[in-house]
Q: 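Structure incoming, see below.
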Protein chains: 2
Amino acid sequence: MDNVEGGNRPYHHGDLRHALLQAAEEELKEKGIEGFTLRGCAKRAGVSHAAPAHHFRDADALLTALAAVAYARLTAAMAARSAKAKEDAADQLVAIGLGYIDFATAEPALFKLMFSSDKPDFSDPVLGEAATAAYKALVEAVCAAKGSDDEDAAAPDIAAAWAMVHGIAELVNSGQLRMFSAMGPGKRQEVYRTLLRRVLPHPGRGVSQPLQ
Amino acid sequence: MDNVEGGNRPYHHGDLRHALLQAAEEELKEKGIEGFTLRGCAKRAGVSHAAPAHHFRDADALLTALAAVAYARLTAAMAARSAKAKEDAADQLVAIGLGYIDFATAEPALFKLMFSSDKPDFSDPVLGEAATAAYKALVEAVCAAKGSDDEDAAAPDIAAAWAMVHGIAELVNSGQLRMFSAMGPGKRQEVYRTLLRRVLPHPGRGVSQPLQ
DNA sequence: AAGATAAACTTTCCATCGTAAAGATTGCAT
DNA sequence: ATGCAATCTTTACGATGGAAAGTTTATCTT
């Protein structure tokens, strides 16, 4: 046995499941999703490479559990922005979008795991509920801004808002929108706001129309 | 040797480089980017697993070359829509966006390789030029719609247009916008158009403002 | 035409990965 | 105290990417 930490680690870890989730997050951030290995997680947690199997069926199951945690944080990031914003429905929707972008740029590895990877299994009920909660936060903000409870009628507005924030997040994270990295943080936030205001639903109408 | 095709294959393939690119595209479409293997490509091309090394430094280099081909197709898809649209600058920009979505939904595996993977090396000059060509098509359409040649001034409009089409493409491809799969193709195209018109630049002004 | 050189391809080999199977250790219920 | 189940380790296997060395073919030189 190669007990790295000095020798007196007990045979039973105690909270390996949780330790593995933390290790997986580190591994993901350092190696990226394409360099992620289950053995690396085990080593970080100080256990043998086969130990994770007793807590997660396979590597994808570990990443599925991690994705569920990440969705909760996404929801929290949106709620944090929402709490700081004015109560006005439009401001609230913009805040939700900014929270989405906050999370995506603060946790690019997790964001990629959640949205640009086949690893997480969305049929898993825990992940499914976490993802649905995040989605609902967005939907409710759109409906409020639109002044309607009809989710179907709001569908194009939901799509517009989500596509815009998601597109910004993806492009910024992959470094393709270099204009943003060139600006200071304040200016960047201001541009984000302006972009998000562009996809606000226009109360009363169905799908909002452009000016001209 | 296990010559699958019957026995009289010559020792030298003749055009293995090209055959590997085709094989890689098939492999990518069938297995997905996370199931992609270099050995699988070699088998498809009917050569030993070490043969690709003589044409591509490693697996990433093969995918980089494939990504360059894919960018050319993306540019072509945008050009095809552009050619069919009216000459009006706004219609042209919408067409570019629809072409982008056309490509993304027709070739989800390639699209993922290009935008949601660390595999391709964008410092490769061939890929770099192909990607730049696609980007320029977008930039020029935005500038034309804005009625300005100042690319810096148009930056937020470029970001808005690109983020919207990219967001739609990503969310549709990952099956997260189920409302779209529910509609017929005609209705879907119409909604795409409506969404894209929402991010058109407004000539003269800097960043366009919402209605209210 | 003949031999040398380079290119294309195969074979063999190695480290790493995920995961299955079996053995060792410990906690817990009875 | 004893037995069982959970937790963890060790061992083993097939697959993968890539390095190294050997084989075959093409091309170039003379």
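Each chain gets a letter, A, B and so on, in the order its sequence line appears, and its residues count up from 1.
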Q: Specify the separation, in whole Å, of atom CZ of F36(B) and atom C1' of dA15(D).
A: 15 Å

Q: May I ask you to say what T37(A) touches in the nucleic acid, namely base, sugar-phosphate or nothing, with a heavy-atom cut-off under 4.0 Å?
A: sugar-phosphate

Q: Rounded to the nearest angstrom, tell me the gap between atom NZ in K119(A) and atom C1' in dC17(C).
A: 11 Å

Q: Could you state the CG-P distance from L20(A) to dT19(C), rounded to the nearest angstrom?
A: 14 Å

Q: Atom NE2 of H54(B) and atom CG of L20(B): how far apart are they, to the nearest 0.5 Å?
A: 11.5 Å

Q: Classify G35(B) by what it touches in the nucleic acid, base, sugar-phosphate, or nothing, heavy-atom distance under 4.0 Å.
A: nothing

Q: Identify each donor-acceptor pair in which a side-chain atom of residues 91-104 of chain B lies under 3.5 Å from a protein atom, sequence neighbours left out, and give them as a table.
A:
{"unit_1": "Q92(B)", "atom_1": "OE1", "unit_2": "S82(B)", "atom_2": "OG", "d": "2.5"}
{"unit_1": "Q92(B)", "atom_1": "NE2", "unit_2": "S82(B)", "atom_2": "O", "d": "3.0"}
{"unit_1": "Q92(B)", "atom_1": "NE2", "unit_2": "K86(B)", "atom_2": "O", "d": "2.8"}
{"unit_1": "Y100(B)", "atom_1": "OH", "unit_2": "W162(B)", "atom_2": "NE1", "d": "3.0"}
{"unit_1": "Y100(B)", "atom_1": "OH", "unit_2": "H166(B)", "atom_2": "ND1", "d": "2.8"}
{"unit_1": "D102(B)", "atom_1": "OD1", "unit_2": "R81(B)", "atom_2": "NH2", "d": "3.1"}
{"unit_1": "D102(B)", "atom_1": "OD2", "unit_2": "R81(B)", "atom_2": "NE", "d": "2.6"}
{"unit_1": "D102(B)", "atom_1": "OD2", "unit_2": "R81(B)", "atom_2": "NH2", "d": "3.4"}

Q: Can you measure D15(B) atom CG to dA8(C) atom P for me and round it to whole angstrom units?
A: 11 Å

Q: Cut-off 3.5 Å, side chains only: do S123(B) and D121(B) have a donor facing an acceptor?
A: yes

Q: Checking contacts here: which listed nucleotide (dG17(D), dT11(C), dA20(C)) is nearest the side-chain heavy atoms of L38(B)?
A: dG17(D)

Q: Tell me the interatomic distance from R17(A), atom CZ, to dC8(D), atom C1', rounded to whole angstroms.
A: 17 Å

Q: Calculate, to the nearest 0.5 Å, the distance between atoms NZ and CD belonging to K136(A) and E129(A) respectively.
A: 9.5 Å

Q: Are any protein N/O atoms closer than 3.5 Å to N/O atoms in nucleotides 12-14 of chain D? If there are, list each pair with its distance.
A:
none

Q: For DNA chain C, which residues in residues 51-62 of chain B have a heavy atom at a distance below 4.0 Å?
A: A51(B), H54(B), H55(B)

Q: Could you give the distance from CD1 (I33(B)) to CD (E27(B)), rounded to the nearest 0.5 Å?
A: 11.5 Å

Q: Calculate, to the nearest 0.5 Å, the distance between atoms CD and CG belonging to E107(B) and L113(B) respectively.
A: 11.5 Å

Q: When rounded to the nearest 0.5 angstrom, what is the spacing between CD in E26(B) and NZ in K31(B)?
A: 10.5 Å

Q: With a 6.0 Å cut-off (strictly less than), is the heavy-atom count around CD of E34(A), excluding the residue itself, greater than 12?
A: yes

Q: Find the distance L63(A):CG to dG18(C):C1' and express it as a whole number of Å.
A: 13 Å

Q: To the nearest Å, give me how far apart NZ (K43(A)) and C1' (dC17(C)) are.
A: 12 Å

Q: Can you tell which of L66(B), L21(B), L63(B) makes a side-chain contact (heavy atoms from CB on, under 4.5 Å) with F56(B)?
A: L21(B)

Q: Atom CD of E34(B) to atom C1' of dC17(C): distance rounded to whole Å?
A: 15 Å

